[in-house]
Structures are given as C-alpha cells and as structure tokens.
Amino acid sequence: MPRPLRLGVLVSGSGSNLQAILDACAARRIPAEVAVVICNVPDARALQRARDARVPTVVLPHHEHARREDYDSRVVAELRARGVELVCLAGFMRIVTPVLLSAFPQRVINIHPSLLPAFPGMHGVRQAFRAGVRVSGCTVHFVDVGTDSGPILIQAAVPVLDGDTEETLAARVLAQEHRIYPRAIQLIAEGRVQIDGRRVRIADGRPDAASTIASPPVEDP
Ligand code: GAR
C-alpha cells in the first residue's frame, strides 16, 4: 500500500460524506488519511464526527473575514500547516476563490448532488426533482473557478421513482455520494487520474459498458 495521501476535508453541515471518507480511511479501503477537517459553521455535526475519529479540526467562521480571498488565505495556511495534499469539499457551502485553487492546482475536488453539468449550484436535488428528470445522481469533480463546472471524475446515477419526494430522492442520491467520494479519492491516491482538458482519464477504471439505468425499467426481449 502506498503512503497515505493526506486529505483536508472542508465541511459546513452534517458531514455524512466526511464520515464515508473517514470510514474508508479507517478500514484501509483507500490509501488516504484525513489530516484536518475545516468547518465554517461552529455547531456543524461534521465537527463532532471529526472529533469522534480523533482528527484535528479547525473552525473558521466566514463572517470573521470581509473578503472571500482573506478567508481562503486562512484556509490555505491551515491546510499547509498539516501537509495536506488533496483538498476535498464535502458539503462546504462556500464559493472558493483562486487563492485556494492556485495553492492546490488540480488538487481540489467537490461532491455535488446532481449529474453535472445539469443542476449546478444550490439545491441540486431539488432542481432535478422539479425538472422532472427520470434519472439523477451525483458527481465528484475537480474544482475550477466556476460553479460546479470543473472536470468530472466520477458519477453515479439513480432512478427517480413515481412516488419520490425531494427527500426520498435526496436520500437515494446521498447513499451514492457515500460510495463515489471515497472511490474518487482512492483513484487519485493511487495516481490513476489525469486531467485532459474537460475530460478526466482514469487508468484501469474497470469500465462496465453493459451497466445501464432506465427509469422506468425496460424489459429487454
Ligand atoms: C451533500 O449532498 C453534497 O452533495 C451537497 O451537500 C450535502 C452535504 O451533506 N453539496 C452541495 O450541494 C454542493 N453544491 P453532508 O454534509 O452530509 O456530506
């Protein structure tokens, strides 16, 4: 197993994706370790998850910084102080600036609850649900200066069912987030990911050309 990749995870809320990452690291399913969790919301549940896992935490309330760039400078300093090699945004509800992106070029990833480039921004599940899509899902992508617009690393799709509410769909999407985020980190940690323009190339990603989702299902003859 290679030396664990040092992760900095940025959170704002419940931290269920952080938990999935912590669990995957602890079980040694991925060659990574969480070096620090940074949170902009002092009472976020994610902080308790980090403490329970004995991971260092830093609380940086955003209202203490007038400019986004000043905030990101603090974030960069905290990440560097702990030797972070990959920055994972996991429900971090802030727009990041070039200050962070240039400090970690091609080393900032984000999870988003839609099949990007559809439904970027806030409330990805709500947007998809209201648009009436039959298939939705989640995406891990590299972060660029746009909103949820960077090169796509991994996606998982789920059916939208007739009886769904926004909440039941969100739960189905979130379950997939917890699968793909650790997988994305694993692929990067193993050095198998290369960005080629808009496209992310993955060495030995074991593609399965036969796997499909149709909603409603199609009964093949
Ligand atoms: C997740 O669904 C994540 O995809 C979403 O916030 C939730 C965080 O949940 N992120 C975005 O919408 C970013 N635009 P968590 O705190 O339980 O991981």
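Counting starts at 1 for both ligands and their atoms, in listed order.
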Ligand 1 contact on M122 by region, counting heavy-atom pairs under 4.0 Å: neither

Side-chain H-bond candidate by donor/acceptor type, E69 with T97, under 3.5 Å: no

Let me check something: any side-chain donor-acceptor pairs from residues 20-27 under 3.5 Å, sequence neighbours excluded? List them with distances.
unit_1, atom_1, unit_2, atom_2, d
D23, OD1, Q19, NE2, 3.1

Nearest-contact summary for atom 9 (O) of ligand 1 - protein heavy atom, Å: N17 ND2, 4.1 Å

Distance-only donor-acceptor check, side chains S114 and H112, under 3.5 Å: yes

Atom 14 (N) of ligand 1 - nearest protein heavy atom and its distance: H112 ND1, 3.2 Å

Enumerated ligand 1 atoms positioned under 4.0 Å from heavy atoms of G91: 6 (O), 8 (C)

Identity and separation of the nearest protein heavy atom to atom 2 (O) of ligand 1: E177 OE2, 2.9 Å

Nitrogen or oxygen of L174 less than 3.5 angstrom from that of ligand 1: no

Non-hydrogen side-chain atoms of V11 and I38 separated by less than 4.5 Å: no

Shortest protein heavy-atom distance from atom 16 (O) of ligand 1, along with the residue and atom involved: G15 N, 2.7 Å

Contact summary for H65 and P61, nearest pair of heavy atoms: ND1-O, 3.7 Å

R6 with E33: basic N within carboxylate O range, under 4.0 Å: yes

Heavy-atom closest contact (I109 atom, Y181 atom, distance): O-OH, 3.2 Å

Non-hydrogen atom of M93 closer than 4.0 Å to ligand 1: yes

Numbering as shown, the atoms of ligand 1 that approach S16 to under 4.0 Å (heavy-atom distance): 15 (P), 16 (O), 17 (O), 18 (O)

CZ/R198: more than 12 non-hydrogen atoms of other groups inside 6.0 Å: yes

For atom 12 (O) of ligand 1, closest protein heavy-atom neighbour: P113 CD, 3.4 Å

N/O separation below 3.5 Å, S14 to ligand 1: yes

